[in-house]
Asks: 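Provided herewith is a single structure, encoded as structure tokens, for subsequent inquiry.
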Amino acid sequence: MANTTLTHTASSGNSKTWTFSAWIKLAKSDVYKYLFSQGSAGNTWIGIYLGNDNTFRCYNEASGSQTLYFKTNRLLRDQNGWYHIVVKCDTTQSTEANRFKIYINGIQETSFQSASYPAQNSNTSMNINSTIQRIGVYNPSGSSANHYFDGIMSHVHLCDGYAYDASSFGSTDATTGEWKINTAPSVTYGTNGFFILKDGNSVT
């Protein structure tokens, strides 16, 4: 199993508004695979991951209480092609459905087994001061790392304080109709944001 990860200790950032984007290629199905996790002791953490049933999921917990949870009906198990994942959060929105959006290959997901939206103006566990952001593993409270991402990740973005649609990071090819990467998106990264694994580099 892959065990390569990247970490960053966050400063105090925006926990209400943020965007995560990554291109991934899977090496294995039917296991938990974390793209991203962040958190601290006391059951306060966030995870962006694939479940062992191949659904795509996002989960947030604050002081032991679930504050958002999404689980798609769509299954991600193709090991030949790339998936583009975008998670867009903006809890300041008055309309519940606008507070949290998931895009896969440029298309917004609307069919969920579970869809628990965050309360308006609530803080998620993203960009919390002095907690570790982890790419490719679940390890929110400093315990033993597990659920490594098994596959390839490339062109990973975190935008702290900004909510972007998938069209900021990709577009539909006019000839093939396929969703293609934007290698130099015009986005702002904020305090804890980053753009990593670019220029042909990846983590496996």
Side-chain angles (χ1 to χ4, degrees), residues 1-6 18-38 46-60 68-89 100-115 126 133-138 146-159 162-187 189 193-204:
M1 178 177 287
N3 58 6
T4 301
T5 65
L6 298 171
W18 49 267
T19 309
F20 178 86
S21 172
W23 291 76
I24 64 173
K25 188 174 184 180
L26 307 177
K28 185 180 291 187
S29 57
D30 305 321
V31 295
Y32 283 94
K33 297 175 285 291
Y34 269 72
L35 283 67
F36 178 93
S37 67
Q38 180 176 355
I46 188 167
I48 298 172
Y49 61 104
L50 280 75
N52 59 354
D53 56 359
N54 305 307
T55 58
F56 181 75
R57 308 184 193 185
C58 299
Y59 179 87
N60 193 91
L68 73 83
Y69 180 52
F70 288 82
K71 179 180 179 180
T72 63
N73 280 310
R74 179 196 292 245
L75 304 182
L76 278 62
R77 52 191 175 191
D78 179 8
Q79 297 177 24
N80 296 310
W82 287 82
Y83 290 107
H84 179 217
I85 305 295
V86 174
V87 178
K88 173 185 176 182
C89 180
F100 201 87
K101 296 182 180 181
I102 296 170
Y103 301 85
I104 299 176
N105 293 340
I107 300 174
Q108 183 182 343
E109 292 295 300
T110 57
S111 178
F112 297 99
Q113 294 184 44
S114 178
M126 183 73 81
Q133 298 174 327
R134 292 178 170 87
I135 302 293
V137 69
Y138 167 82
N146 55 24
H147 301 323
Y148 288 99
F149 181 81
D150 203 333
I152 302 171
M153 299 179 67
S154 185
H155 288 78
V156 180
H157 302 261
L158 177 65
C159 300
Y162 301 88
Y164 294 109
D165 295 334
S167 58
S168 294
F169 305 95
S171 61
T172 301
D173 188 284
T175 301
T176 65
E178 295 182 349
W179 186 251
K180 64 181 182 180
I181 192 170
N182 180 354
T183 58
S186 180
V187 296
Y189 293 98
F194 51 74
F195 177 13
I196 58 174
L197 307 176
K198 53 185 175 177
D199 300 327
N201 296 317
S202 62
V203 60
T204 59

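Numbers here are sequence positions counted from 1.
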Asks: Are Phe100 and Phe70 near enough that their ring centres are under 6.0 Å apart?
Replies: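 Under 6.0 Å, so yes.
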Asks: Just so I know, are the side chains of Tyr34 and Thr5 near enough to count as touching, which here means a heavy-atom distance under 4.5 Å?
Replies: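 Answer no - side chains too far apart.
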Asks: Testing Phe195, Trp23, Phe169 one by one against His155 for a ring-ring contact (aromatic ring centres under 6.0 Å, His included), which residue passes?
Replies: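 When ring-ring contact (aromatic ring centres under 6.0 Å, His included) is applied between His155 and each of Phe195, Trp23, Phe169, only Phe195 qualifies.
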Asks: Locate the shortest heavy-atom distance separating His157 from Tyr189; write the atom from each residue and the value.
Replies: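 Shortest heavy-atom separation between His157 and Tyr189 comes out as ND1-OH, 3.0 Å.
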Asks: Could you pull out every donor-acceptor pair under 3.5 Å between side chains of residues 174-183 and any protein atom, sequence neighbours left out?
Replies:
unit_1, atom_1, unit_2, atom_2, d
Thr176, OG1, Asp173, OD1, 3.4
Thr176, OG1, Glu178, N, 3.2
Trp179, NE1, His84, ND1, 2.9
Asn182, OD1, Ala184, N, 3.1
Asn182, ND2, Ser168, O, 3.4

Asks: With sequence neighbours left out, write down each residue that passes ring-ring contact (aromatic ring centres under 6.0 Å, His included) with Tyr83, or none if nothing qualifies.
Replies: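 Tyr83: no ring-ring contact (aromatic ring centres under 6.0 Å, His included) contacts found.
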Asks: Nearest heavy-atom pair of Leu76 and Leu26: which atoms, and what distance?
Replies: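 In terms of heavy atoms, the two residues are closest at O-CD1, 3.4 Å.
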Asks: Which atom pair, heavy atoms only, marks the closest approach of Cys58 to Leu68?
Replies: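 Looking at all heavy atoms of both residues, the shortest contact is O-CD1, 3.9 Å.
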Asks: Do Tyr69 and Arg57 make a side-chain contact, defined as non-hydrogen atoms from C-beta onward lying under 4.5 Å apart?
Replies: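 Result yes, sub-4.5 Å side-chain heavy-atom pair found.
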Asks: Can you see which heavy atom on Ala22 is nearest to which on Met153, and at what distance?
Replies: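 Smallest interatomic distance, heavy atoms only, reads CB-CE, 4.4 Å.
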Asks: Side chains of Asp53 and Thr55: any donor to acceptor distance under 3.5 Å?
Replies: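 The criterion, which ignores hydrogens and geometry beyond distance, is satisfied for Asp53 and Thr55.
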Asks: Heavy atoms only: give me the nearest Lys33-Lys28 pair and the separation to one decimal.
Replies: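 Taking every non-hydrogen atom into account, NZ-O, 3.2 Å.
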Asks: Please list, chain by chain and in numerical order, all residues satisfying side-chain contact (heavy atoms from CB on, under 4.5 Å) with Ile107, sequence neighbours excluded.
Replies: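 If we apply the side-chain contact (heavy atoms from CB on, under 4.5 Å) test to Ile107, skipping adjacent residues, there are no hits.
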Asks: Aromatic contact between Phe36 and Phe20, with the criterion being ring centroids under 6.0 Å apart: yes or no?
Replies: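 Between Phe20 and Phe36, which both carry aromatic rings, the centre distance is below 6.0 Å.
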Asks: What heavy-atom pair brings Ser29 and Asn54 nearest, and what distance separates the two atoms?
Replies: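 Nearest pair, atom of Ser29 first, then Asn54: CB-OD1, 3.3 Å.
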